[in-house]
S.K.: 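Below you will find the structure I want to go over with you.
Just the heavy atoms: all of them, side chains too, but no hydrogens, waters or symmetry mates, feed the values below. Just so you know, ligand 1 is whichever comes first in the structure, and atom 1 is the first atom listed for that ligand.
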Amino acid sequence: MTLRLTHTAKTYPDGTKALLPTDLSVERGEIVSLLGPSGCGKTTLLRIIAGLETPDAGSDIWFDDDNVTALPVERRQVGMVFQSYALFPNMSVRANIGYGLKMQKLSKPEIEARVTEVLEMCQLQPFAGRAITALSGGQRQRVALARAIAPRPRLLLLDEPLSALDASLREALRDELAVLLREFDITAIFVTHDQDEAMAIADRVAVMSQGRVVQSGTPEDLYRNPNSAFVAGFVGNAMALRGRADGTALHLDGGVLSLPSDGGGQTVFVRAEDVRINDDGPLHGKVETVTFLGTHYRINLSGVTSNLLASIHAGQEAPEVGETVKLSIKPEALMLLPNETGGA
Ligand code: ADP
Ligand code: MG
């Protein structure tokens, strides 16, 4: 189904404006991620869509051509997966997945068939008879997903479903979830504060800050064409090159850099992979730290600009801490964004 929110906002009884008036559309079968730091309103927005939270007057929520704004949660046909899986610990995997179907009063054979189908999809057949307490975190997460999908919801909502897992498992499950969601062929909204997760899972990412969606686009769009310093920093950790712009020349502590266009009124950003250690470079900086990361080194440099500048260095060897190195940055790698007036 298609989801459409118009002018949707939430002010909590204590006056907190958790969500400012927001418009958001999600196409049929599209997987959209809401990405933003803790407290920016992601869960509030998701709960409004689910019907767990009443939005402010003037908000409208559409599922296809149905205005569901006043429809209670149990009639919206949404599937939900949370960080805390909220599974019934002493019931079997099968019973957990079948629970919602039993509530829907489906026939026993129908329940059996549907449960078997999602067990297979989520590769849970070997664990069907086990109690939840006898499963690993990753397996529990898959059961939660299977349970949410079994009643064939119109929309699937996931709120940081991977954040309770440890790092290595999280990465494996992230890729698995990206595949599964597409197999389900369902419209889904995936909330996360982790940019890698959002980029790996979503067709489109809506970046949120302080109760607003500040930019929405494909992962590539957001990465290459951020519309604000906030998005540049949050998606791909762009770093500010603070200096004095004089037309297309940016004067930094570590030398002069050519800009692709006039730098007046703009802040210049660059990403670590575009800062190259290069003997012919126009900039110089001092190596502060060198971290070996297998496929590359991450090198922090001082003296280029006021903050430390990171460089991803793919060579076989890295310079030593304390060494002064020359650096280059291609003009096309620079992102010029309007100066921010206070805030994030
Ligand atoms: P996120 O999921 O992005 O971390 P939330 O939607 O949970 O953000 O919260 C957004 C803002 O609303 C935060 O400032 C939070 O403290 C506040 N908030 C959340 N729930 C309530 C509530 N029930 N009452 C008052 N304020 C709330
Ligand atoms: Mg949240």
S.K.: Among G36, A18, G39, G41, which one has a heavy atom closest to atom 4 (O) of ligand 1?
M.R.: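 Shortest heavy-atom distance from atom 4 (O) of ligand 1: G39.
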S.K.: Is there a donor in the side chain of R94 and an acceptor in the side chain of T116, or the other way round, less than 3.5 Å apart?
M.R.: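 The answer is yes; a qualifying pair exists.
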S.K.: May I ask you to test the L35-Q195 pair for a side-chain heavy-atom distance under 4.5 Å?
M.R.: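 In short, these two side chains touch, coming nearer than 4.5 Å.
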S.K.: Mind checking whether S328 and D280 have side chains closer than 4.5 Å, heavy atoms only?
M.R.: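 The answer is no, as the side chains (C-beta and beyond) never meet within the 4.5 Å cut-off.
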S.K.: For the Mg ion (ligand 2), check which protein N, O or S atoms are under 2.8 Å away and list them.
M.R.: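 You should have found T43 OG1.
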S.K.: Under 4.0 Å, heavy-atom basis, I'd like to know which part of T16 is in contact with ligand 1: side chain, backbone, both or neither.
M.R.: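 Answer for T16: side chain.
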S.K.: Quick check: do P319 and V290 have side-chain heavy atoms less than 4.5 Å from each other?
M.R.: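 In short, these two side chains do not touch, never coming nearer than 4.5 Å.
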S.K.: Determine the minimum heavy-atom distance between Y223 and M335, stating which atoms define it.
M.R.: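 In terms of heavy atoms, the two residues are closest at O-SD, 4.2 Å.
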S.K.: Below a 4.0 angstrom heavy-atom separation, can you tell me which part of T43, side chain or backbone, both or neither, approaches ligand 1?
M.R.: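 Within the 4.0 Å criterion, T43 contacts ligand 1 through backbone and side-chain atoms alike.
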S.K.: What's the verdict on side-chain contact (heavy atoms from CB on, under 4.5 Å) for F269 and M239, showing C-alpha distance, side-chain angles and the deciding distance?
M.R.: CA-CA 5 Å; F269 288 85; M239 302 165 289; 5.9 Å; no
S.K.: Using the salt bridge (charged side-chain N to carboxylate O under 4.0 Å, His left out) rule, pick out the option among R182, R4, R204 that qualifies with E30.
M.R.: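 Only one option passes, and that is R204.
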S.K.: Establish whether atom 2 (O) of ligand 1 and some protein heavy atom are separated by less than 4.0 angstrom.
M.R.: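 Given the 4.0 Å limit, the answer for atom 2 (O) of ligand 1 is yes, a protein heavy atom qualifies.
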S.K.: Short check: is a protein heavy atom less than 4.0 Å from atom 15 (C) of ligand 1?
M.R.: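 Looking at atom 15 (C) of ligand 1, one finds that no protein heavy atom lies closer than 4.0 Å.
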S.K.: Among all protein heavy atoms, pick out the one at the shortest distance from atom 18 (N) of ligand 1; state its residue, atom name and that distance to 0.1 Å.
M.R.: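 Here the nearest protein heavy atom works out to Y12 CE1, 3.4 Å.
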S.K.: Pairing donors with acceptors under 3.5 angstrom, does anything connect the side chains of T6 and D23?
M.R.: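 No, no side-chain donor-acceptor contact under 3.5 Å.
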S.K.: To the nearest 0.1 Å, how far is atom 6 (O) of ligand 1 from its closest protein heavy atom, and which atom is that?
M.R.: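 Nearest protein contact, heavy atoms only, for atom 6 (O) of ligand 1 is T44 OG1, 2.5 Å.
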S.K.: Under a 3.5 Å threshold, yes or no: a donor from one side chain and an acceptor from the other, between T16 and D14?
M.R.: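 A donor-acceptor contact under 3.5 Å links the two side chains.
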